[in-house]
Protein chains: 2
Amino acid sequence: MYVTDSEQRRNKIFEYIVESYVTTASPVGSEFIAQKLRSSLSPATIRNIMVDLERAGFLHQPHTSAGRVPTERGMRYYVDSVMQARQLLPEQVRDLQARVLPQKAEDVDVFLARAAQILADATQEAAFVVAPTVRSGSVRQIELVPIGARRVLCVLVADDEVFASHVVEIEEPITRDETIALVRFFNTELVGLPFNDLLTSLERRLLAQTDSFYHVVKRSFEILEHALSTEPEERLYIEGTSHVLAQPEFRKQPELAERLLQAIEAEDAWLEQLRADLESGRSLVRIGSESGIPGFEPCSYLTVPLIVGGSVAGGIGILGPVRMDYPRMRSFVEAMALCVREAVGRMETS
Amino acid sequence: MYVTDSEQRRNKIFEYIVESYVTTASPVGSEFIAQKLRSSLSPATIRNIMVDLERAGFLHQPHTSAGRVPTERGMRYYVDSVMQARQLLPEQVRDLQARVLPQKAEDVDVFLARAAQILADATQEAAFVVAPTVRSGSVRQIELVPIGARRVLCVLVADDEVFASHVVEIEEPITRDETIALVRFFNTELVGLPFNDLLTSLERRLLAQTDSFYHVVKRSFEILEHALSTEPEERLYIEGTSHVLAQPEFRKQPELAERLLQAIEAEDAWLEQLRADLESGRSLVRIGSESGIPGFEPCSYLTVPLIVGGSVAGGIGILGPVRMDYPRMRSFVEAMALCVREAVGRMETS
DNA sequence: GTTTAGCACTCTTGCTAGTTGAGTGCTAAT
DNA sequence: ATTAGCACTCAACTAGCAAGAGTGCTAAAC
């Protein structure tokens, strides 16, 4: 792709504008940029270029005598075409690893929640993880542990190291032999099926009626239906929200903070969007209203999917103000994703 | 206890002051109170009484020409001696029950988190639960489910319907016979012991060396140590934080909001205090800095312990600004506690 | 043709002074 | 003991003014 000199220069100036806006949180004037360029261009020239950038929709002037502020569209352009990838320093990476890896990695859920805490602390923004649940994997093993006469603990193990257990109440008491038969059925006939299809596939067998296991299938259906109904599709953990609300944009407009917090608490809308984002299988950035979530307008987020065994199993990300340091955040979240993959990898091979 | 006429009148006026402060969030003047009293007393008299109340430390004047605001100490007095218990309307109780009871009550944790959501929604304040974990109960049953060669799912069931399961990695592969032996050991020798004493008591047996089960005890110790280390003492769920931050006191001073949010996120300090509060076994109110938690100064909370089988197993509460409607909140949280007890009761007897 | 110095112009921000009004405390009368 | 009356205080609002930041435009310089 051919880029003219003047385009290059324009991009450089735009980059400086974004970057000083990111650090100062206030409109950027031409003089300031001229200084950064060590007087290779005069403020007047920069002003001309600023007018161009404003016409292109990348900058916005709060009022006539103010500096310029990047628009949402400008930020998108910055993220896509202007900003330069940044590497973390080796010691930063080591620090992250040192805090993440030594953890007892026995429970994926707990492990990921901690990782989010560490990420939030390192970046001083909010960090989140979408933790996989068994529903996103397929059956590796299902066990039943009787508790009392009419209650059974149903243990679901997915092939991506995720597991869950739920107490199921059953109407007719279950015998020891029946339990054994059910468990055998689970671990011969159901292994490898995606948990999400489990119920429909059992239902099909039930309707067909030709099954020699009819009663076992029926009982299985009852138990698994209960067990899976308590298990959400995904689990969202978010840490460090206070860092975001401490940003000047929220200080000045507390109603924005309130709306954001409500949107985070409501969870549904965001989680749905995140699901779609992660399914793409690629890292991405959603800037301001791009996410389409009411209340998220002053915020952007980055997400990286976690890929386990070839398919997406949750993700990790950072939530901050639109005016956030994208290169820095991207390098952090990517380093963390590597860490997490490594740790999960170790869990698998062990 | 003898209460003079003038004391009674003073209390009435104080009650009105607190209550209008609660609704308006701004200092209360003498004229306003006079109107509420339907001119049975003139503003001047009320002013005299206000001076008394201020001398007693119950009221505070932001500045000479402002009305009066209850102090923290005043609020304490109000809660202890002035406010009148309020009953919820039957339909409010029914509404609460209708939203809490029909839930699948199979998992105590999930159930309590939902209850907190409902409470937050009903009160328009933040609501929290301290959910019990197995550590706070004693052993009813422990099971092992082998997963792969070197991993075992350890299922812990406490006698208060709480259960947990954790994957434990073990160095030496475990045999089928060994598993059976361990489970038998668990469910004959350990039943009834508090989970919290489990490790020390096993250690004692190990040190005594005289145990015929020596190897089983050793293996048990290893496995249970891992399983219990992942299990926290208590789990805290808080919902509806945004309701609190929407209050005018936080709107006007966003830094208070930030500090509060940080304190909630840090969790440790508050949880420790809550543990102490709940241990008393009684409902209580902590007003402002009484809680001793940095960041909680502008807030109060109410807690009610949940008693299961004679001992405290978690609790439920409401967090709001110091200027909150205590009688209303108390009636809500108490109604909810009843609901929850009923639901947990049903889980037990089933 | 691009760049830049110069300058008038605009609009926020901060400051000061004046006004308003809510609410008080005191005093003297009831 | 209560209360009407009144002077007093102080935050909150308003208006006006000055300062300053930053612009856009024009005309000269490169």
Side-chain angles (χ1 to χ4, degrees), chain A residues 4-14 16-18 20-21 23-56 58-71 74 248-249 251-253, chain B residues 4-14 16-18 20-21 23-56 58-71 74 248-249 251-253:
Chain A
T4 66
D5 256 22
S6 78
E7 265 175 42
Q8 219 164 9
R9 197 183 60 180
R10 208 188 58 165
N11 280 354
K12 196 74 202 161
I13 287 170
F14 183 58
Y16 278 139
I17 292 174
V18 171
S20 52
Y21 178 63
T23 55
T24 65
S26 51
V28 184
S30 54
E31 190 111 21
F32 188 83
I33 298 300
Q35 271 173 29
K36 279 217 158 187
L37 289 168
R38 294 202 210 96
S39 308
S40 69
L41 284 176
S42 78
T45 316
I46 291 167
R47 280 203 288 278
N48 289 331
I49 296 166
M50 280 172 151
V51 172
D52 290 354
L53 287 165
E54 192 167 5
R55 287 221 185 86
F58 294 161
L59 291 180
H60 166 76
Q61 233 180 341
H63 53 87
T64 353
S65 74
R68 302 303 210 290
V69 168
T71 60
E249 31 273 79
R251 285 275 179 119
K252 281 173 197 158
Q253 293 170 295
Chain B
T4 64
D5 254 23
S6 80
E7 265 175 41
Q8 218 163 12
R9 198 183 58 179
R10 207 188 58 164
N11 280 353
K12 195 76 199 158
I13 287 171
F14 184 59
Y16 279 139
I17 293 174
V18 171
S20 52
Y21 179 64
T23 55
T24 65
S26 50
V28 185
S30 53
E31 189 111 20
F32 188 85
I33 298 300
Q35 271 173 30
K36 278 217 157 184
L37 288 167
R38 293 201 211 96
S39 309
S40 69
L41 285 177
S42 79
T45 315
I46 290 166
R47 281 203 288 276
N48 290 330
I49 296 167
M50 278 171 154
V51 172
D52 290 353
L53 287 166
E54 193 168 1
R55 288 222 183 85
F58 294 162
L59 291 181
H60 165 75
Q61 233 181 341
H63 52 89
T64 353
S65 72
R68 300 306 208 288
V69 169
T71 60
E249 31 273 79
R251 284 278 180 119
K252 282 173 196 157
Q253 293 169 298

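Being a predicted model, the structure only gives us computed values, none of them experimental.
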* Asked: For dA1(D), does either OP1 or OP2 sit under 4.0 Å from a side-chain N or O belonging to Arg9(B)?
  -> no
Mind listing the N/O atom pairs, protein and nucleotides 13-19 of chain D, below 3.5 Å?
none

* **Beyond-backbone contact of Arg9(A) with Ile49(A), side-chain heavy atoms, under 4.5 angstrom** => yes
* Residue whose nearest DNA chain D nucleotide is more 5′ - Thr45(B) or Pro62(B) -> Thr45(B)
* Asked: For every nucleotide of nucleotides 20-30 of chain D, 5' to 3': is a protein heavy atom under 4.0 Å from its base (B), only from its sugar-phosphate (S), or from neither (-)?
  -> -BSBB------
* Asked: Does Arg10(B) reach the side chain of Ile13(B), with side-chain heavy atoms less than 4.5 Å apart?
  -> no
* His60(A) has an atom NE2; how far is it from atom C1' of dC11(C), in whole Å? -> 14 Å
* Structure fact -> Leu53(B) CG to dG23(C) P, in whole Å, measures 17 Å
* Grab the CD-P distance between Gln35(B) and dG23(C) for me, whole Å please. => 10 Å
* Asked: Can you tell me if Thr23(A) and Ser20(A) form a side-chain donor-acceptor pair at under 3.5 Å?
  -> no
* Asked: With a 4.5 Å limit on heavy-atom distance, are the side chains of Val51(B) and Arg47(B) in contact?
  -> no
* Nearest-Å distance, CD1 (Ile49(A)) to C1' (dT2(C))? -> 11 Å
* Asked: What's the NE2-C1' distance between His63(A) and dC9(C), to the nearest Å?
  -> 14 Å
* Is the shortest heavy-atom distance from the side chain of Asp52(A) to the side chain of Asn48(A) under 4.5 Å? -> no
* Asked: With a 4.5 Å heavy-atom cut-off, do Leu41(B) and Ile33(B) have their side chains touching?
  -> no
* Distance under 6.0 Å and angle within 45° of the ring axis: does Lys36(B) meet both against Phe32(B)? -> no
* Closest approach of Ser30(B) and Pro43(B), non-hydrogen atoms and distance? -> CB-O, 3.6 Å
